[in-house]
Each structure stands twice: as C-alpha cells, then as structure tokens.
Amino acid sequence: RHSGSTSRINDVGGLAGVREAERRRMTVDCFRIDEKLIALERNITKTDKRRLVPMCNRLVGLLNDLPKEGPIIVSSDPSARFCEFLREIKLAPRHNGLRDAFISYRIALGIPKFQVAEESGNSIKKIEASYQSIRLQDGRLITRALALKWFGLSENVRTEFEKVKNAYI
C-alpha cells in the first residue's frame, strides 16, 4: 500500500492532465502549491517543451500534505479519495484515462482549445480530433455540469469567467 502523498501524485493526471510517463519523472520541485501551478521542465515533458499547468482547488487539496523536498514515488493508481470519486461518476481508470478526462472536461467547461492544448502538451488539431463530444463508459456525453463536478466547482459561481478563474487561481 502506498502513502497518501505517494498515490496522490497520480491525481495530477485527472486534475492537471499530466501524462503518466511525465508523472514518473516529476519531483517535488515541480509543484508550486502556493502559486497553484505545476512546472514541467523540458526533461519531464514528452514534447521536450517547458509547460506550466494550473492546479484546480480540488488538486491543491489532494496534494496539501505533499513532502516539501525529496523524490516522489509514483504508484500506478489514483488516491483512494479520487478513486471514490471515479466510482461515483462511473469511470474506470485506464492508461492515461485520467489525463484524457482532464482534457475533455476542460473543453466541456468552455476553456479555449488553444489554452487546453498548451496546458496538456497537445496540438489544437489533436484536441479537436480526440477530446470534443466525448462519451463516458456508460454512454453519457461529457457536459459542463459533469465538468463542474469533476473539478469540484459549484454552479453557484456567477459567471463562466469566475468559474474558470476560481478553479485555476
């Protein structure tokens, strides 16, 4: 069994769109919890380009006890708390499935494709071809309401801009 901070690093796939192979190369230094950012340097990313990825409040909460220094040991499974959430929404984990979900849910929130492409290390063409109008395993289309639930946002926030801002600031 893995420690909470060890397995929570895998939640970065579903809530920040980081590839499984990239997560395995990450160090604690990648996480700027106070800034709500993940800094992926060229030696970590698949595309060999530096990437800054925003962290939503749900991810910050899951990583709140991440060690301040030292290596990160990555398990292949999301944390127990995130697995409970996945069961609740009827989504079974699969290779890079959490990353795919992140991208699809960001699109469903109305985040501009160029921004999602930049955050995920994909091209806009790939985003359009692979992540729009995606259905869950039970046949439901990924909608804005499901995206709000995924990122732990509330419908009570007044505007689209504030919803996105509150998730990533």
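Both backbone and side-chain heavy atoms feed into the values below; hydrogens, waters and symmetry mates do not.
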Let's go through Glu118 and Arg51 carefully: what are the C-alpha distance in whole Å and the side-chain angles of both, what is the deciding distance for salt bridge (Lys or Arg N to Asp or Glu O under 4.0 Å) to 0.1 Å, and is it a yes or a no? CA-CA 7 Å; Glu118 192 68 28; Arg51 203 163 83 226; over 6 Å; no
Without swapping roles, check the side chain of Arg58 against the backbone of Lys149 for a donor-acceptor pair under 3.5 Å. yes
Set of residues satisfying salt bridge (Lys or Arg N to Asp or Glu O under 4.0 Å) with respect to Arg50, sequence neighbours excluded: Glu41
Is the backbone N or O of Lys49 less than 3.5 Å from a side-chain atom of Arg42, with the two atoms forming a donor-acceptor pair by type? no
Of all heavy-atom pairs between Gly13 and Arg23, which one has the smallest distance, and what is that distance? CA-NH1, 3.3 Å
Report yes if the side chains of Arg32 and Lys36 come closer than 4.5 Å at any heavy-atom pair, otherwise no. no
Which residue is it: Val116, Ile142, Asn122? I am looking for the one with a side chain to side chain contact (heavy atoms under 4.5 Å, CB included) to Tyr131. Asn122
So does Ser120 get a backbone contact from the side chain of Arg99, meaning a donor-acceptor N/O pair under 3.5 Å? yes
Taking only residues two or more places apart in sequence, or in another chain, which ones meet Ile33 in a side chain to side chain contact (heavy atoms under 4.5 Å, CB included)? Phe31, Met55, Val60, Leu63
Sequence neighbours excluded, which residues qualify as side chain to side chain contact (heavy atoms under 4.5 Å, CB included) partners of Lys46? Arg19, Glu22
Is there a donor-acceptor pair closer than 3.5 Å between any side-chain N or O of Trp150 and the backbone N or O of Gly14? yes
Indicate yes or no: at least one non-hydrogen side-chain atom of Phe151 is less than 4.5 angstrom from one of Leu15. yes
By side chain to side chain contact (heavy atoms under 4.5 Å, CB included), Thr143 pairs with (sequence neighbours left out) Ala145, Leu146
By salt bridge (Lys or Arg N to Asp or Glu O under 4.0 Å), which residues pair with Asp34, not counting sequence neighbours? none
For Leu59 and Ile38: C-alpha separation, side-chain torsions, deciding distance, then whether side chain to side chain contact (heavy atoms under 4.5 Å, CB included) applies. CA-CA 11 Å; Leu59 181 57; Ile38 299 170; 4.2 Å; yes
Report the C-alpha distance between Ile44 and Met26 in whole Å, list the side-chain angles of each, state the deciding distance to 0.1 Å, and finish with yes or no for side chain to side chain contact (heavy atoms under 4.5 Å, CB included). CA-CA 7 Å; Ile44 293 173; Met26 292 174 75; 4.2 Å; yes
Does any part of the side chain of Leu37, heavy atoms only, come nearer than 4.5 Å to the side chain of Val53, both counted from C-beta? no
What are the two closest heavy atoms between Ala117 and Ser123, and how far apart are they? CB-C, 3.9 Å
Should Ile107 and Leu109 count as side-chain neighbours, where that means a heavy-atom distance under 4.5 Å? no
Can you list the residues that meet the salt bridge (Lys or Arg N to Asp or Glu O under 4.0 Å) rule with Glu128, with sequence neighbours excluded? Lys113
